[in-house]
Amino acid sequence: ERTTVLITGCSSGIGLGLATRLATDGGFKVYATMRDPAKGERLLQRLGGRCPDTLEVLQLDVTDPRSLAAAAHRVQGQALDVLVCNAGVGLMGPLETCSDQDMKNVFDVNLFGAIRTIQAFLPAMKRRRAGRIIVSSSIGGLQGLPFNSVYCASKFAVEGLCESLAIVLRPFNIHLTLVECGPVNTSFLSNLQCPDPDGSELQGLDAETRGLYRRYLRHCQGLFRDGAQEVEEVLQVFLEAMGSPCPPLRCATTQLLAPLARLRLTDGSAYVQAMHDFVFGRGEAGGDQP
Ligand code: NAD
């Protein structure tokens, strides 16, 4: 009996890696979904150029209810064992310059996209009284990160959503797991919206914030260069969440920022100070030294 898995956001990164891994395993039937199925080429290439019977590529845009309904219709009767809500987008920059449209898009994909996806597949899981839901969250869903306010807000919301839902899913034997990644070596960073600190978009912004933002970008690039995990390493955590008889509600893929996170447990200001010092250095923050 093969385990049936549907994954969102499979055209790149973690979703692409997970779909490839499961489709080659033999024990799974994978519905690899993506906004534009033409991007499934990369997945097929990884699988040797042709679509094995362990894989089906489906169109699914998590912001489009019709697309979700069509995908749910397509897998109807397939007894979905695992739903992986992985599609996500980032948004970086000073809060004052985040456009309404960009903010709405982040929430539409990261939060409402996850909600719509769960809504589409949950009734069948409940009827079977079995299933697993795995959601790609982030370290940014557990702690605030500078110049990522809106992204963190969306992932904090995902955390609250899932923790609340998990309580109701207990009697249905449906396990929900949040996977919190730190920096992972995917195109996430290059895919995200991020204004140039010296570009015209930030012209109206005060020089001090622009300086901090410039320093943050350098910090972030360094963190991705030196501390990013490979997709394979992160996939291990997804596989454990799929295979464990009693998976945890939360699993972090890295302990990179865990010492800082612990400081949040008091009144939070110790965390704010420590994160500030970690990113911008101790002492005077307004300057623009490396
Ligand atoms: P990625 O950009 O390669 O993958 C995200 C995928 O989501 C892309 O394939 C993109 O096309 C897809 N997507 C975007 N909007 C969509 C929509 N409306 N409908 C369907 N798919 C859509 O980056 P990734 O690192 O593989 O990201 C996967 C998940 O991991 C995201 O939820 C992200 O927030 C989370 N995450 C990533 C990192 C990281 O450093 N890479 C860190 C923490 C959390």
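Both counts, for ligands and for their atoms, begin at 1 and track the order of listing. None of the values given here were measured: they were computed from a predicted structure.
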Test V234 against every option in N185, T186, T253 by the side chain to side chain contact (heavy atoms under 4.5 Å, CB included) rule and name the one that passes. T253
Sort out for me which residue in F28, Y31, F238 forms a side chain to side chain contact (heavy atoms under 4.5 Å, CB included) with V5. F28
Per-residue contact class, [X] against ligand 1 - non-hydrogen pairs under 4.0 Å:
X    : result
V109 : side chain
T186 : side chain
N86  : both
N191 : side chain
F112 : neither

Quick check on [X] - does any of its heavy atoms sit under 4.0 Å from an atom of ligand 1?
X    : value
I139 : no
G182 : yes
R35  : yes
K39  : no
D61  : yes
S137 : yes
G113 : no

So if I count the atoms of ligand 1 from 1 in the order they appear, which ones are less than 4.0 Å from some heavy atom of [X]?
X    : value
G13  : 3 (O), 26 (O)
G88  : 5 (C), 7 (O), 31 (C), 32 (O)
P183 : 40 (O)
C181 : 42 (C), 43 (C), 44 (C)
S187 : 3 (O)
F224 : 40 (O)
S11  : 9 (O), 11 (O)
L60  : 19 (N), 20 (C)

Could an N or O of ligand 1 be found under 3.5 Å from any N or O of S138, whether backbone or side chain? no
Evaluate V89 for polar contact with ligand 1, using N/O atom pairs at a separation under 3.5 Å. no
Look up atom CZ in F121 and atom OG1 in T8, then write down how far apart they are to the nearest 0.5 Å. 9.5 Å
Charged N to carboxylate O under 4.0 angstrom, [X] versus [Y]?
X    : Y    : answer
E180 : K155 : no
R128 : D81  : yes
R2   : D25  : no
D198 : R214 : yes

Nearest neighbour in protein (non-hydrogen) for [atom]:
atom                    : result
atom 27 (O) of ligand 1 : F188 CD1, 4.1 Å
atom 34 (O) of ligand 1 : Y151 OH, 2.8 Å
atom 21 (N) of ligand 1 : A87 CB, 3.4 Å
atom 30 (O) of ligand 1 : I14 CD1, 3.7 Å
atom 19 (N) of ligand 1 : V62 N, 3.0 Å
atom 8 (C) of ligand 1  : S12 OG, 3.3 Å
atom 6 (C) of ligand 1  : G9 O, 3.8 Å

Taking the six-membered ring for Trp and the full ring for Phe, Tyr or His, determine whether the centres of H219 and F278 are under 6.0 Å apart. yes
Is it true that F188 and Y151 have ring centroids separated by less than 6.0 Å? yes
Below 30° counts as parallel, above 60° as perpendicular, anything between as tilted: where do the rings of F280 and F147 land?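 Ring orientation of F280 relative to F147: perpendicular.
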Taking atom CZ of R50 as the centre, does the number of heavy atoms from other residues, nucleotides or ligands within less than 6.0 Å exceed 12? no
Count the heavy atoms belonging to other residues, nucleotides or ligands that lie under 6.0 Å from CD of E96, then report whether that count exceeds 12. yes
Side chain R250, main chain L178, donor-acceptor under 3.5 Å: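 Not at all, since once roles are kept as given, no pair shorter than 3.5 Å links the two residues.
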Any side-chain to backbone donor/acceptor pair from T33 onto I7? Under 3.5 Å, distance only. yes
Less than 3.5 Å apart, any donor N or O on the side chain of S67 or Q59 sitting next to an acceptor on the other? yes
Between the side chains of Q273 and D277, does any donor sit under 3.5 Å from an acceptor? yes
Test side chain to side chain donor-acceptor pair (under 3.5 Å) applied to D53 - qualifying residues, sequence neighbours left out: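 Per chain and number, D53 pairs via side chain to side chain donor-acceptor pair (under 3.5 Å) with no residue.
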Nearest non-hydrogen contact with atom 40 (O) of ligand 1 belongs to which option: L192, V231, V184? V184
